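Numbering of ligands and ligand atoms starts at 1, following listing order. What you are looking at is a predicted structure, and each value in this text was computed from that prediction instead of being measured. We number each residue from 1, following the sequence as shown.
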Amino acid sequence: MSNIDGLPPLRQVIADHGLSAKKALGQNFLLDLNLTAKIARQAGDLSECDVLEIGPGPGGLTRALLHEGARKVLAVEKDPRCLPILSAISDHYPGRLEVMNADALAISVADHLTPPVRVVANLPYNVGTELLIRWLTPDVWPPFWDSLTLMFQKEVAARIVALPGSKAYGRLSILTQWRADAKIVMEIPPQAFTPPPKVTSAVVHITRRDKMLFPANEAILTRVVAAGFGQRRKMLRASLKSLSPDIGAILESVGIKPTERAENISIEGFCALARALEGQA
Ligand code: SAM
């Protein structure tokens, strides 16, 4: 029996290839093509876009992206056992699927993609946050991507979209929202995956802005935010002490009380602080 896309059902594909899930690779597969189509559609009209997918696994999301009309998909997969499966998908969509057998953390993909580029992925949880931070902090802005449609653990998704004053607000919220708009567009229960993970997942859609919300030097902002949230229970005058001997006065010069904690400082406040520290250097 074949599926809506004319390829065999994913359960059968996995069984035929003996693809048992490896925990070390964060392998929790989505086998329902209706669900993967819904995720792919969150990325909008893909017909004029190249799509980067990290971790295609047996290709549930890859098939959806191609079936939904992506101009081209570049799929980066670390597990060589998935290659024959992905190669069959590539044959089914001639010239539209390029597969790289590589560790996504160790390669550069920009040369393989033609703008506009959208990233869509059910990320391996062990590398998801690291990849997101890299995509948000490239050497030059705008980055190679227009939007990121990514699956995370629900708690990580909440951190990405969190606002000041909430427990989830932190480094991920600021690095994301400073130069992009982010929203949670879907929640996905553990039972949707094979094998089911312990946690609920959520899809976040992030669209880049051409300009940052408030001016700041990215390297300095990143350092201030890392220091502030590295010791989030401490007052800023203590957690940011390593950045300047005059940190108390600098905080006051931008209207932030030195006794305040990082989780109550807006992105505007952090950017003002980064500018003040830059002026000091
Ligand atoms: N996209 C598939 C799906 O939705 O069913 C699989 C998702 S699974 C959560 C994550 C995938 O990422 C696995 O196929 C795994 O082998 C792959 N992976 C893990 N670490 C990786 C890395 N560093 N680089 C590229 N792929 C990786």
Side-chain angles (χ1 to χ4, degrees), residues 3 5 7-43 46 51-68 70 73-90 97-109 112-113 118-135 148-157 185-204:
N3 257 296
D5 61 0
L7 285 160
L10 278 153
R11 253 175 227 293
Q12 186 188 321
V13 171
I14 285 181
D16 289 351
H17 288 80
L19 187 68
S20 52
K22 283 191 184 167
K23 212 171 169 189
L25 286 169
Q27 291 184 335
N28 302 97
F29 301 132
L30 288 172
L31 305 183
D32 177 353
L33 287 169
N34 291 315
L35 180 60
T36 56
K38 206 169 156 198
I39 297 170
R41 283 199 289 271
Q42 303 300 328
L46 299 174
V51 176
L52 170 65
E53 185 192 4
I54 305 298
L61 184 55
T62 321
R63 283 166 59 169
L65 291 165
L66 290 161
H67 189 64
E68 290 294 317
V73 176
L74 172 65
V76 181
E77 174 56 61
K78 191 172 174 183
D79 186 350
R81 297 178 307 155
C82 299
L83 298 183
I85 303 176
L86 296 167
S87 159
I89 302 172
S90 183
L97 173 60
E98 180 182 346
V99 178
M100 286 174 81
N101 182 204
D103 178 344
L105 292 172
I107 52 154
S108 152
V109 288
H112 295 257
L113 295 161
R118 297 189 188 175
V119 181
V120 185
N122 172 10
L123 290 172
Y125 286 145
N126 45 357
V127 294
T129 311
E130 171 66 28
L131 281 171
L132 175 63
I133 288 176
R134 288 189 192 188
W135 288 328
L148 310 170
T149 306
L150 305 173
M151 177 106 69
F152 289 101
Q153 298 178 43
K154 194 178 157 189
E155 287 68 25
V156 177
V185 289
M186 279 173 81
E187 263 193 27
I188 303 189
Q191 314 83 269
F193 299 84
T194 303
K198 287 200 176 70
V199 293
T200 298
S201 301
V203 177
V204 186

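- Of the inter-residue distances, the one linking Leu132 atom CG with Arg134 atom CZ reads 12.0 Å to the nearest 0.5 angstrom.
- Given atom 12 (O) of ligand 1, the protein heavy atom at minimum distance is Gly55 CA, 3.1 Å.
- Counting only distance, with no hydrogens or angles, the side chain of Ser90 and the backbone of Leu97 share a donor-acceptor pair below 3.5 Å.
- Each of the following atoms of ligand 1 lies closer than 4.0 Å to a heavy atom of Asp103: 22 (C), 23 (N), 24 (N).
- In plain terms, the two heavy atoms of Phe152 and Ala157 that are nearest each other are CB-N, 4.1 Å.
- An N or O contact shorter than 3.5 Å links Asn122 to ligand 1 by distance.
- From the protein, the heavy atom lying nearest to atom 19 (C) of ligand 1 is Leu25 O, 3.1 Å.
- Taking only nitrogen or oxygen atoms, main chain and side chain alike, Asn126 does not reach within less than 3.5 Å of ligand 1.
- A side-chain donor-acceptor contact under 3.5 Å links Asn101 to the backbone of Glu77.
- Near Asn28, meaning under 4.0 Å from any of its heavy atoms, are these atoms of ligand 1: 7 (C), 8 (S), 9 (C).
- Closest to atom 27 (C) of ligand 1 among all protein heavy atoms lies Lys78 CB, 3.7 Å.
- Taken from OG1 in Thr200 to CD in Gln191, the straight-line distance is 8.0 Å, to the nearest 0.5 Å.
- Here the shortest heavy-atom pairing between Ala192 and Leu30 reads O-CD2, 3.6 Å.
- Every atom of ligand 1 is numbered from 1 in the order shown, and the set under 4.0 Å from a heavy atom of Leu30 is 3 (C), 4 (O), 5 (O).
- Shortest contact from atom 18 (N) of ligand 1 to any protein heavy atom: Pro124 CG, 3.7 Å.
- For Val76, the heavy-atom gap to ligand 1 drops under 4.0 angstrom.
- Residue Gly26 has no nitrogen or oxygen atom sitting less than 3.5 Å from a nitrogen or oxygen atom of ligand 1, judged on distance alone.
- From Ile14, atom CD1 reaches atom SG of Cys82 across 8.5 Å, with rounding to the nearest 0.5 Å.
- The closest approach between a heavy atom of Glu53 and any atom of ligand 1 is below 4.0 Å.
- Below 3.5 Å of separation, one finds no N or O of Asp79 facing any N or O of ligand 1.
- Across the listed options Glu77, Arg81, Glu130, Met151, Glu77 owns the non-hydrogen atom lying nearest to atom 17 (C) of ligand 1.
- Between the side chain of Asn122 and the backbone N or O of Gly55, no donor-acceptor pair lies under 3.5 Å.
- For the atom pair CD1 (Ile54) and CG (Leu61), the distance works out to 11.5 Å, reported to the nearest 0.5 Å.
- When the heavy-atom distances from atom 2 (C) of ligand 1 to Ala104, Gly60, Pro56, Ala21 are ranked, the shortest goes to Pro56.
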Could you go through the side chain to side chain contact (heavy atoms under 4.5 Å, CB included) check for Thr36 and Arg63 one step at a time?
CA-CA 8 Å; Thr36 56; Arg63 283 166 59 169; over 6 Å; no
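- The minimum heavy-atom distance between Pro124 and Leu25, with the atom names listed, is CB-O, 3.7 Å.
- Distances below 4.0 Å separate heavy atoms of Gly57 from the following atoms of ligand 1: 14 (O).
- Contacts between Ala102 and ligand 1, counted as non-hydrogen atom pairs separated by less than 4.0 Å, involve the backbone only.
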